[in-house]
2 protein chains.
Amino acid sequence: METWMAQPDLDEIDVATVLQALADPMRLRIVRLLAEVEESTCTALDLPVKVSTVSHHVNILRHSGLVSTRIDGTARPSRLRRDDLERRFPGLLSAILTATPPRPQR
Amino acid sequence: METWMAQPDLDEIDVATVLQALADPMRLRIVRLLAEVEESTCTALDLPVKVSTVSHHVNILRHSGLVSTRIDGTARPSRLRRDDLERRFPGLLSAILTATPPRPQR
DNA sequence: GCTCTATTACGATGAGTGTCGTAATTTCCG
DNA sequence: CGGAAATTACGACACTCATCGTAATAGAGC
């Protein structure tokens with residue numbers, strides 16, 4: 001049986017909180033990574049910050065409602081709540097994930 | 001003839017910068033207000049912070065590409081760049097503006 | 001020119017938070 | 001049982017930034 005960590009229900013998710021979570025560059029990077037690999041743990045994500053920091057960010061992402069985390073032994077693999085987010089804020093997450101990089105000014 | 005303040009071109013707008021701009025509660029509130037009134041100056045927006053702070057927030061919103069500001073005498077009325085944003089990040093702004101408030105947990 | 005108003009520029013300050021290092025906890029496996 | 005690995009809890013620190021008060025600037029109208 002699969003056990004999951006606590007997370008907000010669909011209608012508890014606040015768009016302001018989601019935007020605050022996505023505002024940090026490292027967390028936006030994590031979200032983009034999870035969109036590719038479907039599921040990953042904190043250590044498996046190869047990021048230029050310490051694992052304790054990654055864990056901190058993933059916690060914020062989960063509390064905001066962006067990711068859900070499964071309990072698998074000592075591992076805590078997380079995944080994007082794509083369907084949930086699409087139902088709660090239609091078009092929001094997909095717009096961010098498909099966004100084109102900006103043309104550098106000057 | 002209408003004069004406008006400097007603002008980023010469409011393809012210069014960065015989604016990360018936009019998300020950072022929208023992450024602040026007061027700025028999100030300003031964006032929601034501008035979505036209703038179509039155009040407003042800093043003083044006309046009735047907000048619980050000093051006008052100098054509102055001006056600061058509107059500057060950030062303009063530099064991020066969210067609003068454009070017209071020069072009209074001493075006044076600087078700003079408006080949401082709805083069409084531009086819709087073309088740059090389809091669905092993003094509308095998803096935020098139409099978002100339902102969260103059901104309070106507990 | 002003078003005054004009033006709108007806006008911004010500037011410096012200061014206090015709160016928030018991203019990051020780290022370390023320790024503690026938990027689970028897996030030999 | 002004992003060690004290794006994954007995660008998190010905790011405290012500390014530096015830096016960002018939202019907010020304010022004040023002053024400076026600029027235009028409108030008398």
Side-chain angles (χ1 to χ4, degrees), chain A residues 1-7 14 16-34 37-79, chain B residues 1-7 14 16-34 37-79:
Chain A
M1 203 213 83
E2 284 192 335
T3 318
W4 299 79
M5 300 191 67
Q7 64 178 27
D14 181 19
T17 307
V18 170
L19 290 174
Q20 288 177 47
L22 293 172
D24 181 76
M26 195 58 63
R27 287 196 291 267
L28 183 57
R29 189 165 164 179
I30 293 176
V31 167
R32 290 220 165 92
L33 282 177
L34 289 180
V37 302
E38 207 55 44
E39 188 179 75
S40 176
T41 64
C42 287
T43 44
L45 294 172
D46 195 41
L47 291 170
V49 290
K50 297 302 170 189
V51 185
S52 59
T53 303
V54 179
S55 174
H56 169 67
H57 284 313
V58 172
N59 277 331
I60 292 180
L61 290 175
R62 181 176 53 257
H63 286 127
S64 76
L66 275 165
V67 310
S68 60
T69 304
R70 198 160 53 86
I71 298 182
D72 178 24
T74 65
R76 306 293 144 95
S78 298
R79 56 181 70 175
Chain B
M1 204 213 81
E2 284 192 335
T3 318
W4 298 80
M5 301 191 68
Q7 64 177 29
D14 181 19
T17 306
V18 169
L19 290 174
Q20 288 178 46
L22 291 172
D24 181 77
M26 196 58 64
R27 287 197 289 267
L28 183 57
R29 188 166 165 180
I30 293 175
V31 167
R32 289 221 165 91
L33 282 176
L34 289 180
V37 302
E38 207 53 45
E39 189 179 74
S40 177
T41 64
C42 287
T43 45
L45 293 171
D46 195 40
L47 292 169
V49 290
K50 297 301 170 189
V51 185
S52 60
T53 303
V54 179
S55 174
H56 168 67
H57 284 313
V58 172
N59 277 330
I60 292 180
L61 289 175
R62 180 175 55 258
H63 287 127
S64 76
L66 275 165
V67 310
S68 60
T69 305
R70 198 162 53 86
I71 298 182
D72 178 24
T74 64
R76 306 293 146 94
S78 298
R79 57 182 67 176

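By convention in this document, chain letters (A, B, ...) are assigned in the order of the sequence lines, proteins followed by strands, and residues within each chain are numbered from 1.
- The heavy-atom pair separating R27(B) from A21(B) by the smallest distance is NE-O, 2.8 Å.
- Shown here for S68(B) and Q7(B), the closest heavy-atom pair between the two residues is CB-OE1, 2.8 Å.
- Counting to the nearest Å, the P atom of dT19(C) and the CZ atom of R29(A) are 11 Å from each other.
- Taking each heavy atom of R62(A) and A6(A) in turn, the nearest pair found is CD-O, 3.4 Å.
- Within the 3.5 Å criterion, the main-chain N or O of T69(A) finds no donor-acceptor partner in the side chain of R76(A).
- Each of H57(A) and S52(B) lies near DNA chain C, and the nucleotide nearest S52(B) is the one positioned closer to the 5' end.
- Atom NZ of K50(B) is separated from atom P of dA23(D) by 16 Å (rounded to the nearest Å).
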Please tabulate, one pair per line, each protein N/O and nucleotide N/O from nucleotides 4-6 of chain D that are separated by under 3.5 Å, including the distance.
unit_1 : atom_1 : unit_2 : atom_2 : d
dA6(D) : O4'    : T74(A) : OG1    : 3.3

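- Spacing between atom CG of L61(A) and atom C1' of dT8(D) amounts to 16 Å, rounded to whole angstrom units.
- Residue contacts shown for I71(A) are absent, as no nucleic acid heavy atom lies under 4.0 Å away.
- One atom, CG of N59(B), and another, C1' of dT19(D), lie 15 Å apart when rounded to the nearest Å.
- If you measure from atom CG of D24(A) to atom C1' of dC15(D), you get 13 Å, rounded to the nearest angstrom.
- The CZ-C1' distance, from R70(A) to dT7(D), rounds to 15 Å in whole Å.
- Counting heavy atoms from C-beta on, the side chains of L47(A) and L33(A) come closer than 4.5 Å.
- Of the side-chain N and O atoms in H56(A), none sit less than 4.0 angstrom from OP1 or OP2 of dT8(D).
- Among the atoms of the strands shown, none is found under 4.0 Å from any heavy atom of L47(A).
- Under a 3.5 Å cut-off, the side chain of H63(A) and the backbone N or O of N59(A) do form a donor-acceptor pair.
- When every heavy atom of C42(A) is checked against every heavy atom of S55(A), the shortest pair comes out as SG-CA, 3.6 Å.
- At the phosphate of dT8(C), OP1 or OP2 sits under 4.0 Å from a side-chain N or O atom of S55(B).
- As a whole-Å value, the separation of M5(B) CE from dT25(D) P is 17 Å.
- Heavy-atom nearest nucleotides on DNA chain D were determined for T53(B) and for T69(A), and the one closer to the 5' end corresponds to T69(A).
- Both Q20(A) and D72(A) lie near DNA chain C, and the one whose nearest nucleotide falls closer to the 5' end is Q20(A).
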